[in-house]
Every structure is written in C-alpha cells, then in structure tokens.
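Here is the structure we will look at, set down as structure tokens.
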Amino acid sequence: MYATAAKIIKSAKRCVAFTGAGISVESGIPPFRGENGLWNKYDPATFDIQYFHQNTRQSWEVIREIFYDLFGQVQPNIAHYALAQMEAKGLVAAVITQNVDNLHAEAGSRRIHEFHGSLKKLVCLGCKTCYTVSQIDLTILPPVCLQCGGILKPDVIFFGEAIPEPARTHSFNETSRADCFILIGTTGTVAPANMIPRAAKSNGARIIEINPNPSEYTQSVTDIFLQDKASVAMEKLMKEIER
Ligand code: APR
C-alpha cells in the first residue's frame, strides 16, 4: 500500500494535501470528534457565531481555555514536517487545512490555504483592524480593539459563518487542478470543507487517505487507505518515496 501510494505521488502532476484535526493530535491537540474529542467536553454551540455575539465574554473564556491556553504551547509533529519536506521536493503543491493551529506554517509549509482561518490573528468586529494574538492581552476578556474599542474575535470561522476568502477560492482552484489528494486526519463530517475531497475525486484525482480510523471518505472516495496515525504513515510514506 505504501509503495503504491508513493508511486502515485511521485507520478502525479499536482498533488495536494487536505488536513484535519487528526494531523495535530500527535502534537497534543485533541481532535474535535471521536476518542477524547473536544466536543465530548465542550458544547460546539459555544462556537456558534450567534452565541459569540450574545455571550461574548463566556464564549471568549472557552475560546481562550481551548485555543490559547491548551493549543498555545504545541509544536508541529513529524507529519507536519514531512508535508513541508514534500512541498520543498516539489511532491506536494499545496496544503488545504481545516485546522486553525498554524502548525503547517510553523513546520515550514509555504502554500497553505486555511479553510477555517487562523487563531494567530484577531479581527475587530467594528473597524476590521487585524492583530496578531501576541499584540493583545488575553487576560482581559473580551479583548478590545486598540483603535476603536470594538470587540476582537479570533480570525477563525465559527459555526454559521462563511468560509473566508481568498482561502475558499484558492482551495477549490487547487482541487480542480489536482490529480492526487492526500487526506490526513479528518472525519469528513463538516461542510463545506468536506466537499473538497469529493470534488477532487470527481475531477479524477487519486485519493490517498491517512487515518487510524475509517472516515466518511474511506468507502466512497478513498483509493488507498493507509490506516495509521499521521506521523507513522508519513514516515513510512517518505521512506517509500525516497527508495
Ligand atoms: N493521526 C491521524 N488521524 C487521526 C489521529 C492521528 N494520530 N488521531 C485521530 N485521527 C483522526 C480521527 O480518526 C478523525 O477521523 O482525525 C479525525 C479527527 O476528526 P475531527 O475531530 O472531526 O476533525 P476534522 O475532520 O478536522 O473536523 C472538521 O469540524 O469542528 C469543526 O472546525 C472544526 O475544522 C474542524 C472541522
């Protein structure tokens, strides 16, 4: 399986990686669903945009606990670095990620489309001024804009919000040009992100999936299912590619 996957990647004209929370599990970030998933502990309704507008402080308290206290200290793992190496070798053209943890960038990937935005940025709901999170004191909640005093929100999409541009357009453009897709660590349950691998498949791309568990894609979209954790699978894949 790994040898076949490596051959497909090396012979592809344009291979794109599509990643979900699973690729960051070995960096210490729990997934959203499944074993010790975040949604088992926190109510996803807290991440609905209406709830944020109506209960800004309460929402920010949970956001800070999960995304800044917990996520804040993590590092990329082997899988993130392997994808960055594959990009440097010209084997992967881009990464489309549902993750907001910035770990692909920290691992050295350059062409990244953050389909759900990024925690590293905060945006003012009033005047739209953008900040990096290091510019803002998160001990005082909700954080406010230094220009206009408006409420700041992490630059990630909440349930009920539209996918940010240009990430949306770029992601679907990449999908239309790819003849190989590597899906890593995603259940495939959240729209519209979950349309991307299906669009790639219908464009004739070969689909390689890395996940220790079957996903919504495994039976219907995946051509080669590498049933391993992301870091184990990417290490095996790199060995086969370098043979
Ligand atoms: N390596 C690879 N995959 C793993 C690992 C691992 N070590 N551990 C778990 N997984 C897989 C799980 O089997 C599961 O398929 O990662 C996936 C995690 O699924 P979700 O938590 O649903 O993550 P994801 O598919 O990215 O969620 C999509 O849902 O809540 C929203 O915006 C949030 O971007 C997120 C979106």
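Since the model is a prediction, treat every value here as computed from it, not as a measurement. One-based numbering along the sequence shown. Indexing begins at 1, ligand by ligand and atom by atom, following the structure's order.
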Which segment of Glu26 sits under 4.0 Å of ligand 1 when only heavy atoms are counted: side chain
Residue-ligand contact Pro212/ligand 1, heavy atom below 4.0 Å: yes
Under 4.0 Å to a heavy atom of Trp39 - the qualifying atoms of ligand 1, by number: 30 (O)
Nearest neighbour in protein (non-hydrogen) for atom 32 (O) of ligand 1: His116 ND1, 3.5 Å
For ligand 1, the portion of Thr187 having any non-hydrogen atom under 4.0 Å away: both
pair Ile182-Ile9: side-chain heavy atoms closer than 4.5 Å: yes
Nearest neighbour in protein (non-hydrogen) for atom 6 (C) of ligand 1: Gly22 O, 3.3 Å
Test item: Asp155 side-chain N/O and Ser118 main-chain N/O as donor-acceptor pair under 3.5 Å: no
Side chain, backbone, both or neither: Ala230 near ligand 1, heavy atoms under 4.0 Å: both
Carboxylate-amine/guanidinium proximity below 4.0 Å for Lys120 and Glu106: yes
Side-chain donor or acceptor of Arg57 paired with backbone N/O of Leu141 under 3.5 Å: yes
Side chain to side chain contact (heavy atoms under 4.5 Å, CB included) evaluation trace for Ile23 with His80: CA-CA 7 Å; Ile23 195 171; His80 298 102; 3.8 Å; yes
Identity and distance of the protein heavy atom lying nearest atom 21 (O) of ligand 1: Phe32 N, 2.6 Å
Short side-chain donor-acceptor distance under 3.5 Å, Ser176 and Asn203: no
Val190 and ligand 1 - part of the residue with a heavy-atom distance under 4.0 Å: side chain
The single option from His104, Arg168, Glu174 passing side chain to side chain donor-acceptor pair (under 3.5 Å) against His113: Glu174
For Lys229, the ligand 1 atoms whose distance to one of its heavy atoms is below 4.0 Å: 1 (N), 7 (N)
Part of Phe47 with heavy atoms under 4.0 Å of ligand 1, whether side chain, backbone, both or neither: neither
Close approach of Phe115 to ligand 1, heavy atoms, under 4.0 angstrom: no
Region of Gln98 engaging ligand 1 - heavy atom pairs below 4.0 Å: both
Protein heavy-atom partner closest to atom 26 (O) of ligand 1 - residue, atom, separation in Å: Ala21 N, 2.8 Å
Which atom of Cys124 lies closest to which atom of Cys148, heavy atoms considered: SG-SG, 3.5 Å
Under 4.0 Å to a heavy atom of Pro31 - the qualifying atoms of ligand 1, by number: 18 (C), 21 (O)
For Asn213, atoms of ligand 1 separated by under 4.0 Å from a heavy atom: 12 (C), 13 (O)
Nearest neighbour in protein (non-hydrogen) for atom 27 (O) of ligand 1: Arg33 NH1, 3.1 Å
Distance-only polar pair, side chains of Thr218 and Ser215, donor-acceptor under 3.5 Å: yes
Atom indices of ligand 1, in the order listed, that fall short of 4.0 Å to a heavy atom of Phe159: 30 (O)
Heavy-atom side-chain proximity of Pro154 to Trp60 below 4.5 angstrom: yes
Student check: side-chain heavy atoms of Tyr51 and Gln58 closer than 4.5 Å: yes
Sidechain-backbone polar pair: Asn99 side chain, Gly20 backbone, donor-acceptor under 3.5 Å: yes
Interfacing atoms of ligand 1 (cut-off 4.0 Å, heavy-atom, Gly20): 26 (O)
Where ligand 1 meets Thr186 - atom numbers and elements under 4.0 angstrom, heavy-atom basis: 15 (O), 17 (C), 24 (P), 25 (O), 26 (O)
Atom 11 (C) of ligand 1 [closest protein heavy-atom partner, distance rounded to 0.1 Å]: Asn211 OD1, 3.4 Å
Leu146 backbone acceptor or donor facing Tyr131 side chain under 3.5 Å: yes
Atom 8 (N) of ligand 1 [closest protein heavy-atom partner, distance rounded to 0.1 Å]: Val25 CG2, 3.7 Å
Phe18, portion touching ligand 1 at heavy-atom distance under 4.0 Å: neither
